[in-house]
Amino acid sequence: METTENKDINLAAEKLQENENLAEEEETQAAGEEMTEAQGESEEICEAEEKSGEDSPEEESAAEEEAEEAQNGKKGLFKKKEKKNKQEEKIAELSDRVQRQMAEFDNFRKRTEKEKAQMFEVGAKSIIEKILPVVDNFERGLSAVPEESKGDPFVEGMDKIYKQLMTELENLEVKPIEAVGAEFNPEFHNAVMQVESDEFESGVVAQELQKGYMYRDSVVRHSMVAVVQ
């Protein structure tokens, strides 16, 4: 016959065994639930990946529009760059043309000024040539006045007019050519005769028959001279 103590021990053992069995069932159930959840999540991930791999028609259309806009943007940028290059070429062409025209105008201005100066010099020489015979007549007339008549008021007046005329010609850069005692130079002298001279050597101007004049650096009239032979 079992004692009370043995009964209590057996009851405790049975209770402990029941608790262990219950714990094992709970752990098995929890593990099954976790596996089910993991499988569900795996399926959801696969579905999401499949959906992400397949674009909808709206998304494909939007992507095509974006690509087309990008292409049009590139074309527009290229056209703007091409237009800018053409404008720069046109500006460079116009600048070169303006510079050429300015250079041509400057050359034309210089050429015109030179021609005007030459025309003025030709005109001045022409007038001087016409005045020189008047100067010659003054000199001939004054040289023919007798010594006793040089104090006459009329003669003095004519002499003053002659000196004034020569002063004005000198102010206009008209000056007589050096002749007597100078070596003969065909650029300034016009030899009309040869003479013998004890005073000058051969080739030297011994006598001036008509005075020559220069206007600035050019000869207006050559001196008419006699040269020692």
Side-chain angles (χ1 to χ4, degrees), residues 41 44-136 161-179 182-191 205 210-225:
E41 291 178 358
E44 289 179 358
I45 291 171
C46 291
E47 290 178 358
E49 289 179 352
E50 289 178 357
K51 288 183 179 181
S52 63
E54 297 178 357
D55 293 334
S56 63
E58 291 80 4
E59 292 176 347
E60 290 180 356
S61 178
E64 290 177 356
E65 290 179 357
E66 290 179 358
E68 186 176 357
E69 289 178 358
Q71 187 68 21
N72 292 334
K74 290 181 179 179
K75 290 181 179 179
L77 183 62
F78 179 75
K79 288 181 179 179
K80 288 181 180 179
K81 188 175 181 180
E82 185 179 3
K83 185 177 181 181
K84 184 178 180 181
N85 291 337
K86 288 182 178 180
Q87 289 177 348
E88 291 178 352
E89 290 178 359
K90 189 67 175 178
I91 291 172
E93 181 182 354
L94 293 175
S95 299
D96 183 66
R97 187 181 300 176
V98 170
Q99 290 178 356
R100 288 178 181 273
Q101 289 180 350
M102 290 179 65
E104 290 177 359
F105 177 77
D106 187 56
N107 292 334
F108 171 77
R109 180 181 58 81
K110 292 179 180 178
R111 186 170 61 253
T112 302
E113 290 179 355
K114 185 177 180 179
E115 290 176 354
K116 286 172 64 177
Q118 291 176 348
M119 291 175 63
F120 177 82
E121 187 171 347
V122 170
K125 288 174 67 175
S126 177
I127 294 173
I128 293 169
E129 286 176 354
K130 294 179 180 179
I131 294 176
L132 292 180
V134 178
V135 175
D136 295 338
I161 293 172
Y162 167 72
K163 289 180 180 179
Q164 182 181 5
L165 178 61
M166 296 304 296
T167 301
E168 294 300 327
L169 289 174
E170 185 177 357
N171 293 335
L172 293 173
E173 300 182 64
V174 178
K175 55 185 179 181
I177 297 174
E178 184 182 358
E183 186 177 358
F184 174 76
N185 188 341
E187 293 183 359
F188 304 110
H189 306 138
N190 180 20
V205 176
Q210 187 181 52
K211 189 179 293 185
Y213 290 89
M214 292 186 64
Y215 172 62
R216 295 180 178 176
D217 295 328
S218 60
V219 176
V220 178
R221 187 177 73 182
H222 289 75
S223 297
M224 189 180 296
V225 298

Participant: Could you grab the distance from atom CD of Glu89 to atom CG of Leu94, nearest 0.5 Å is fine?
Facilitator: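 Glu89 CD to Leu94 CG: 12.0 Å, rounded to 0.5 Å.
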Participant: Is a side-chain N or O of Asp96 found less than 3.5 angstrom from the main chain of Ala92, in a donor-acceptor match?
Facilitator: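 Not at all, since once roles are kept as given, no pair shorter than 3.5 Å links the two residues.
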Participant: Nearest 0.5 Å, please: how far is NE2 in His222 from CD in Glu187?
Facilitator: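 It is 8.0 Å, given to the nearest 0.5 Å.
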Participant: What is the distance from atom CD of Glu170 to atom CG of Leu165, rounded to the nearest 0.5 Å?
Facilitator: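 That separation rounds to 12.0 Å.
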Participant: Taking atom CD as the centre, does Gln210 end up with more than 12 heavy-atom neighbours from other residues, nucleotides or ligands that are less than 6.0 angstrom away?
Facilitator: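 It does: Gln210 CD has more than 12 such atoms within range.
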Participant: Let's go through Glu178 and Phe188 carefully: what are the C-alpha distance in whole Å and the side-chain angles of both, what is the deciding distance for side chain to side chain contact (heavy atoms under 4.5 Å, CB included) to 0.1 Å, and is it a yes or a no?
Facilitator: CA-CA 9 Å; Glu178 184 182 358; Phe188 304 110; over 6 Å; no
Participant: Would you mind writing out the side-chain donor-acceptor pairs for residues 116-135 within the sub-3.5 Å range, not counting sequence neighbours?
Facilitator:
residue: Glu121; atom: OE2; partner: Ser218; partner atom: OG; Å: 3.3

Participant: I need the minimum non-hydrogen distance between Ile177 and Met214, along with the two atoms involved.
Facilitator: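 So the two residues come closest at CG1-CG, 3.5 Å.
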Participant: Nearest 0.5 angstrom please: Glu173 CD to Asp217 CG, how far?
Facilitator: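 The CG atom of Asp217 is 8.5 Å from CD of Glu173, to the nearest 0.5 Å.
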Participant: Would you say that more than 12 heavy atoms from the other residues, nucleotides or ligands in this model lie under 6.0 Å from the CD of Gln87, or not?
Facilitator: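 Counting other residues, nucleotides and ligands, CD of Gln87 exceeds 12 neighbours.
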Participant: How many angstroms lie between CD in Glu93 and CZ in Arg97, if you round to the nearest 0.5 Å?
Facilitator: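 Here the rounded value is 5.0 Å.
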Participant: When you check the gap from the basic side-chain N to the acidic O, do Arg100 and Glu104 get nearer than 4.0 Å?
Facilitator: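 Salt bridge: no.
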Participant: So which heavy atom on Ala179 is nearest to which on Val225, and how close?
Facilitator: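 Minimum heavy-atom separation between Ala179 and Val225: CB-CG1, 4.1 Å.
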Participant: At what distance, to the nearest 0.5 angstrom, does CE of Met102 lie from CD of Gln99?
Facilitator: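 Here the interatomic distance stands at 8.0 Å.
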Participant: Determine whether more than 12 heavy atoms belonging to other residues, nucleotides or ligands lie under 6.0 Å from atom CD of Glu88.
Facilitator: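 Enclosed.
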